[in-house]
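Before any comments, here is the structure.
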Amino acid sequence: MKKIKWSLLVVALAGVVAAYANKRPAHSDPDFHTYAFWKYSDDGSRMYYTYDLTQIGYVSGNDYVCVQPGMACTFIASPGLAHLDPSGKYFYTSDVPTSGIITNSYFLDLNF
Amino acid sequence: MKYKIVVAITALLILLLMYSAGAKAIQWGDYAQTMRNQPLPHWLTQPLTVVIPLAQLITVACLISEKFRRTGLFASIVLLTLPTFYIIALLLQFFPWVPCSCGNAFRWLSWQQLLWLHLSFLSLTGLALRLMVTKRFSSPLNVHV
């Protein structure tokens, strides 16, 4: 045990504490997503763009988060759902609702 | 002096790896989902989800121990090199889509910034290894490496 540097153990502990302190804030509703269908991509996936969430009363950092490097916004609840396309403007995923925007559980058809 | 530099770099690596592994463990659901959404085959992402944090923890254990520090530094090189190549491939658009970088421990960084972070730590780790293999390097605990 003499060969262990105890200050490094403290550093390791500090890393865990930092990870906990930087924990993603709790989201308001894990099942609520807002996406707008845009078009089908070349591989047949549905591509979506994000709705302007602030206009419908959501608070950045609390209800949703804008991810880098693009400015696509998604809910904190499911950040992994956002796939940026190479342009960085849109994202696509097979996991989101098949059409439209869900607002307060009301399904709007935005397929155009 | 060389020993102190190596210990300082080791401390930085431990902080990075423990922060990364800790963030994965604390928010396992988000992390697992982020891994599932990487543009890699599922047969690869599923084991990687467990292997990456496990490898990070084992590497930290090696880095803390004087005896296995050099092994830990070599493992750190591997742990930093693989994601560096992955990020370069993402940025060069080798994959059909670019996943968001929001699920990882450094979710506020873009892929470009993450690349610089990895390259910086790779350079530091390389320096530490270089210092360790010089003949006059020895630790205060008389562990000759």
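Every chain is numbered from 1, with letters handed out A, B, ... down the list of sequences. Note that the coordinates shown come from a computational prediction; the quantities given were computed from them, not determined experimentally.
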For each of Ala21(B), Ser20(B), Ala11(B), Ala25(B), tally heavy-atom pairs with chain A at distances under 4.5 Å, and name the one with the top tally.
Ala11(B)
Might you point out which heavy atoms bring Gly22(B) and Ala19(A) nearest each other, and give the distance in Å?
C-CB, 3.7 Å
Which atoms form the tightest heavy-atom contact between Ala12(A) and Val60(B), and what is the distance?
CB-CG1, 4.3 Å
In the single-linkage hydrophobic clustering (I, L, V, M, F, W, Y; side-chain heavy atoms under 4.5 Å), do [X] and [Y] co-cluster?
{"X": "Leu57(B)", "Y": "Tyr19(B)", "value": "yes"}
{"X": "Leu119(B)", "Y": "Phe74(B)", "value": "yes"}
{"X": "Phe121(B)", "Y": "Leu127(B)", "value": "yes"}
{"X": "Phe85(B)", "Y": "Leu122(B)", "value": "no"}
{"X": "Ile5(B)", "Y": "Leu73(B)", "value": "yes"}

Check whether Leu63(B) gets within reach of chain A through its side chain, its backbone, both or neither, counting any heavy atom under 4.5 Å.
backbone
Between CG on residue Leu8(A) and CE on residue Met18(B), distance to nearest 0.5 Å
12.0 Å
